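Remarks on the structure that follows.
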Amino acid sequence: MSLADDLYRETILDHYHHPRNQGALEDATVKTEGVNPLCGDEVTLYLKVDSDAISDIKLEAHGCSINMASGSMMSEAVLGQSLEQAMSVAGVFKNMMLGGSQETALPEELEDLEALQGVRKYPVRIKCALLPWNTLLEAIETSRAKGEDHQE
Amino acid sequence: MSLADDLYRETILDHYHHPRNQGALEDATVKTEGVNPLCGDEVTLYLKVDSDAISDIKLEAHGCSINMASGSMMSEAVLGQSLEQAMSVAGVFKNMMLGGSQETALPEELEDLEALQGVRKYPVRIKCALLPWNTLLEAIETSRAKGEDHQE
Amino acid sequence: MKAFDLEQVRKDFPILSRAVNGKPLVYLDNAATAQKPACVIQALTNYYEHYNANIHRGIHTLSEEATSAYEAVRESIRDFIAAPCLRSVIFTRNATEAVNLVAHSWGRTNILPGDEIVLSAMEHHSNLVPWQLLASERGAKLVYLELTESGEIDLQQAASVIGARTKLVAVTMMSNVLGTIVPVAELAKLAHAAGALVLVDGAQGVPHLKTSVTELDCDFLVFSLHKMLGPTGVGVLWGRPELLEAMPPFLSGGDMIGSVWRDRVKFNELPYKFEAGTPNIADVIASGAAIDYLNRLGMDNVRAHEIELTKYALNRMKELDDALVYGPLDANKRGGVISFNFADVHPHDIGQILNESGIAIRAGHHCCQPLMRDLKVAGTARASFYIYNTKDEIDQFLEALQEADKVMGHVACR
Amino acid sequence: MKAFDLEQVRKDFPILSRAVNGKPLVYLDNAATAQKPACVIQALTNYYEHYNANIHRGIHTLSEEATSAYEAVRESIRDFIAAPCLRSVIFTRNATEAVNLVAHSWGRTNILPGDEIVLSAMEHHSNLVPWQLLASERGAKLVYLELTESGEIDLQQAASVIGARTKLVAVTMMSNVLGTIVPVAELAKLAHAAGALVLVDGAQGVPHLKTSVTELDCDFLVFSLHKMLGPTGVGVLWGRPELLEAMPPFLSGGDMIGSVWRDRVKFNELPYKFEAGTPNIADVIASGAAIDYLNRLGMDNVRAHEIELTKYALNRMKELDDALVYGPLDANKRGGVISFNFADVHPHDIGQILNESGIAIRAGHHCCQPLMRDLKVAGTARASFYIYNTKDEIDQFLEALQEADKVMGHVACR
Ligand SMILES: Cc1ncc(COP(=O)(O)O)c(C=O)c1O
Ligand SMILES: Cc1ncc(COP(=O)(O)O)c(C=O)c1O
């Protein structure tokens with residue numbers, strides 16, 4: 001298998017060159033920063049959460065192709081989802097990346113993400129792919145904690 | 001050469017089993033402690049200095065055969081000597097121990113000390129042989145510093 | 001019945017075919033450092049010849065290989081000491097540095113004036129001086145667990161000493177002088193009841209006794225790989241993760257950071273927070289081979305072999321007139337370390353004369369000067385065993401001891 | 001005319017016959033760590049197979065041999081950095097630990113509130129974070145030497161920044177990102193005139209430039225042996241003896257003591273005062289083989305070879321559209337370290353794709369995040385050279401760079 005088959009598949013390069021949902025979100029309800037201490041890559045994630053669902057999402061990402069593509073795909077995958085659903089997608093994705101070497105079949109709407117499976121062969125890059133997702137999970141947690149604060 | 005020829009010569013064992021000038025000196029003018037940090041061996045040296053000469057000397061030594069023998073021989077070699085002479089004897093001895101591998105011929109009155117030449121083949125033990133002498137040099141220095149204090 | 005094939009084990013250690021002063025080497029200085037099996041040396045060579053690279057931040061193959069080999073050893077160590085989680089295994093240079101890490105990082109944030117740090121009377125300088133300096137800096141006090149006649153911990157005295165003021169009990173797992181095995185779990189019970197923490201100096205214990213941090217019930221454990229078949233330059237600190245999380249970093253610099261600005265820094269997560277700069281990569285990797293080797297033998301077998309040798313040696317030492325052996329006389333209560341004095345021959349002279357027969361023992365204070373003062377000696381001679389030692393070697397050792405007395409002019413009979 | 005026989009040198013490094021992804025390894029990550037010649041690996045094997053023993057306190061043959069081999073390397077190091085005396089050469093784990101030693105021991109006794117510590121804007125985290133922590137603990141302030149457009153020290157700005165409040169100037173000898181060689185002696189003149197001390201981070205400088213502490217006119221010098229053909233796990237602190245004498249110890253424990261009582265301690269003399277616990281004996285000894293190897297090549301020749309490679313590489317980089325090279329463009333003013341960004345391809349992707357051709361470079365912040373912020377990049381790709389690299393390898397590197405652009409979809413031409 002060549003690098004282009006494993007890592008730099010067309011889908012990935014497409015998301016890398018044309019990342020979706022890039023930029024800041026003026027009316028975000030949560031803003032979370034993530035950093036990969038090993039390489040310094042950073043991502044700022046903006047979520048607009050309305051009645052427990054992600055009604056808008058944007059990212060300011062400075063990172064490698066894998067990081068950028070993963071973030072871009074993530075933003076598409078969770079936009080419009082409930083926090084619950086978003087967390088479950090993140091779980092499915094993390095499982096795929098950290099699980100064994102078996103290919104995982106993802107539900108149709110997450111198909112794009114399958115392109116990132118090749119990254120598993122490059123352990124160092126797994127962290128790049130996970131950064132946006134871990135940042136998402138942190139953002140959801142923050143959002144929920146805020147929600148609880150409001151209820152008090 | 002056997003160990004008995006090099007290290008445990010008769011002269012050394014004699015000084016070790018019957019160390020000269022052992023004990024404390026009640027009317028000492030200087031008392032100096034020496035320690036070998038590598039093995040913990042200790043020596044306490046007492047000098048009685050009268051008009052710049054060593055009129056009496058005693059040692060309380062707890063150490064190995066080489067250390068004990070060297071201290072015992074030293075006490076004999078410098079008793080009655082002027083501080084100047086004692087320092088010069090110490091210099092001759094240290095030169096012998098730290099110098100190259102050549103046998104050094106010592107003046108007749110220092111003959112006993114020649115027995116310690118074999119120690120040079122055992123680098124770790126050189127420190128044992130030097131401990132009493134380094135302590136002597138320190139004691140002489142202290143004694144002189146005191147003398148200068150008095151003159152002021 | 002042999003627990004493992006001793007002949008085969010001896011073949012695994014290249015140095016054992018060396019001669020010293022024309023005699024086959026008899027290496028009885030294992031408490032100072034252990035010899036290394038060929039597989040450990042091979043692991044070093046293999047690393048340097050095939051995948052030497054700096055780790056953690058590299059994207060190329062060598063760096064990935066080195067990183068995963070290095071991190072795999074962390075897992076081996078975790079398993080070896082039965083630690084619940086991986087991130088609380090920290091690599092240091094040696095046990096000494098690991099104690100210092102705790103003394104600086106935990107100690108300087110937790111020890112207050114009037115606090116007491118409890119040590120045993122037989123601590124190695126490495127588990128003593130760092131606490132002395134901490135105590136004097138913070139206005140705290142050192143308190144000692146005294147030993148019984150046979151060199152064991154007196155649990156009653158311990159109970160009277162460990163109390164409300166105690167912040168830390170720092171004890172050896174096994175004495176490097178007396179061989180004494182310390183009842184760590186009992187002391188931990190006393191300490192924890194008093195709200196104190198327990199640091200175990202496993203420098204002698206971990207190489208020779210099957211170890212579980214859960215069973216020891218300690219809060220910190222330190223040890224050195226060079227005493228357990230590994231290369232020089234690697235130590236381990238294990239600590240309860242919640243303690244390590246709360247502790248400030250000790251050494252700072254590359255690799256232990258999360259983000260750095262000109263005027264501030266965010267630290268990396270555990271275990272990296274405590275591993276600053278390029279680690280001793282090769283030696284950590286080779287330490288993994290040492291752990292694997294010990295696991296293959298089985299730590300229960302290692303212990304059984306040492307009990308057998310110690311029993312034999314203690315028995316044979318009884319034959320000597322005028323030999324004084326320190327520490328517990330029951331081989332089951334002690335490790336394979338025999339400190340003794342013999343016939344008023346200074347330990348140095350014993351060591352020197354034994355060396356003439358190719359026998360390597362240690363002589364001196366063994367970095368335990370306070371214990372020496374308690375024993376009222378300047379030093380002792382010490383023979384210490386490991387997996388490759390044999391009864392035959394112990395016989396040679398005994399023979400050489402009698403020779404020593406002869407060379408020194410039969411002090412024993414004077 | 002070749003300064004040394006490059007083909008022969010390459011044969012001395014076993015790893016260079018390794019293949020990565022089916023291609024011969026092209027190792028251009030020397031600023032991270034250097035590869036090791038067979039003589040260094042052999043020195044390790046020889047130690048472990050023939051005279052492994054703990055040092056300094058042993059009376060047996062192995063211990064004597066190990067001690068004298070270990071101490072002989074201290075002399076080699078003294079000579080290598082042209083230091084006036086032996087007792088001021090201290091072995092540490094790495095350069096990072098050496099900086100920490102000074103920050104803790106000298107820093108915490110000498111830095112007062114209001115004092116200033118001057119760093120350059122291109123310091124490695126290891127020569128930055130320890131000073132940050134010291135400054136925040138003592139109420140002191142970090143002040144930065146800014147860089148010129150070409151990434152060099154601006155001596156005029158330096159003169160305006162180094163003043164009466166300055167207690168220490170801590171600078172790299174050569175940048176691990178920009179390659180910039182720092183005019184240490186000029187800075188030392190400014191510092192000493194202001195009554196401040198100078199610490200030089202020689203992690204990159206010492207392996208590549210002939211070094212004399214007298215000519216640098218510094219007060220402390222730190223470096224790491226693993227970057228200069230030596231094994232991992234050995235660093236050096238050199239300091240002016242009168243400074244080291246006056247400093248309190250840092251790590252405490254075995255070997256660094258003179259006498260120990262239950263409640264107090266007298267420290268050992270230099271250099272032992274700063275070497276606590278069992279040192280990394282094997283790796284220090286093998287470091288001696290690395291120093292000998294460099295001496296045989298001659299550091300002037302090492303430098304000449306690197307200037308030649310760097311000149312060639314800088315020239316060839318000009319062929320690339322869209323490549324941005326950082327640091328001085330004159331190869332005589334810089335070391336063999338080339339940091340660059342290329343065609344908006346993220347450094348990680350460059351590194352990954354080069355690795356596919358067996359080429360090892362580094363990508364990221366290189367432990368210099370503040371410099372990255374100044375350069376307004378998240379990271380750079382970095383190729384760094386050493387004695388065994390060839391122009392042919394640089395050609396392969398350039399070819400692979402163009403391939404990278406292709407794989408990533410011709411970003412350069414979009
Ligand atoms: C300039 C500079 N300083 C300090 C260091 C730290 O060296 P070490 O990781 O060996 O402590 C490095 C190496 O990464 C470096 O390049
Ligand atoms: C009981 C004990 N603690 C601590 C140490 C220190 O170990 P290291 O010198 O490897 O740091 C030793 C070894 O000498 C020891 O025997």
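Since we're looking at a predicted model, the values are computed, not measured. Note on naming: letters A, B, ... go to the chains in the order of the sequence lines (proteins, then strands), and numbering restarts at 1 for each one. These values consider heavy atoms only, across backbone and side chains, with no hydrogens, waters or symmetry-generated copies.
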Is a side-chain donor or acceptor of [X] paired with a backbone partner of [Y] at a separation under 3.5 angstrom?
X: D:Asn94; Y: C:Thr278; value: yes
X: D:Arg373; Y: C:Val260; value: yes
X: D:Arg262; Y: C:Pro370; value: no
X: C:Gln352; Y: D:Ile59; value: no
X: D:Thr232; Y: C:Ala282; value: yes
X: C:Gln369; Y: D:Trp261; value: no
X: C:Asn100; Y: D:Ser252; value: yes
X: D:Glu49; Y: C:Pro14; value: no

Which distance, rounded to the nearest 0.5 Å, do you find between the [atom1] of [X] and the [atom2] of [Y]?
X: C:Thr45; Y: D:Lys36; atom1: OG1; atom2: NZ; result: 13.5 Å
X: C:Asp283; Y: D:Asp283; atom1: CG; atom2: CG; result: 4.0 Å
X: D:Thr92; Y: C:Glu97; atom1: OG1; atom2: CD; result: 10.0 Å
X: D:Ser126; Y: C:Asp255; atom1: OG; atom2: CG; result: 8.5 Å
X: C:Met256; Y: D:Cys367; atom1: CE; atom2: SG; result: 11.5 Å

Heavy-atom pair count under 4.5 Å with chain C, highest-scoring of [options]:
options: D:Leu133, D:Val234, D:Asn355; result: D:Asn355
options: D:Ile359, D:Ile281, D:Leu16; result: D:Ile281
options: D:Leu354, D:Leu119, D:Ile257, D:Leu142; result: D:Ile257

Quiz item: Taking the side chain as C-beta and beyond, is there a heavy-atom pair between D:Leu62 and C:Ile15 under 4.5 Å?
Solution: yes
Quiz item: Hey, are the side chains of C:His226 and D:Asn54 touching, using non-hydrogen atoms and a 4.5 Å cut-off?
Solution: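 SC-SC contact between C:His226 and D:Asn54 confirmed.
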So for [X], is it side chain, backbone, both, or neither that comes closer than 4.5 Å to the heavy atoms of chain C?
X: D:Tyr27; value: side chain
X: D:Pro279; value: backbone
X: D:Asn21; value: side chain
X: D:Ser224; value: neither
X: D:Arg18; value: side chain
X: D:His124; value: side chain
X: D:Leu25; value: side chain
X: D:Leu28; value: neither
X: D:Ala38; value: neither
X: D:Val265; value: both
X: D:Ser63; value: side chain

Is [X] close to chain D through its backbone or its side chain, or both, or neither, when contacts mean heavy atoms under 4.5 Å?
X: C:Ile353; result: neither
X: C:Asn127; result: neither
X: C:Ala121; result: both

Quiz item: So C:Leu251 and D:Arg93, side chain to side chain contact (heavy atoms under 4.5 Å, CB included) or not? Walk me through it.
Solution: CA-CA 11 Å; C:Leu251 301 180; D:Arg93 175 174 45 242; 3.2 Å; yes
Self-check item: C:Gln35 versus D:Tyr48, closest heavy-atom pair with distance
Solution: OE1-O, 4.4 Å
Pick from [options] with the largest number of heavy-atom pairs that fall under 4.5 Å of chain D:
options: C:Tyr144, C:Phe250, C:Tyr51; value: C:Tyr144
options: C:Cys368, C:Gly254, C:Gly364; value: C:Gly254
options: C:Asp263, C:Leu44, C:Leu128; value: C:Asp263
options: C:Pro231, C:Ala363, C:Ser136; value: C:Pro231
options: C:Ala203, C:Gly351, C:Ala360, C:Ala53; value: C:Ala360
options: C:Pro130, C:Gly253, C:Gly277; value: C:Gly253

Quiz item: Does atom NZ of C:Lys23 have more than 12 heavy-atom neighbours from other groups under 6.0 Å away?
Solution: yes
Practice problem: For side chain to side chain contact (heavy atoms under 4.5 Å, CB included), just list the numbers for D:His60 and C:Val20, CA-CA rounded to whole Å, side-chain angles, deciding distance to a tenth of an Å, and then say yes or no. | Solution: CA-CA 9 Å; D:His60 55 79; C:Val20 167; over 6 Å; no
Self-check item: ring pair (Phe, Tyr, Trp, His ring centres under 6.0 Å) against D:Tyr272, all qualifying residues, sequence neighbours excluded
Solution: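 Scan of D:Tyr272 (ring pair (Phe, Tyr, Trp, His ring centres under 6.0 Å), adjacent residues dropped) gives D:His56.
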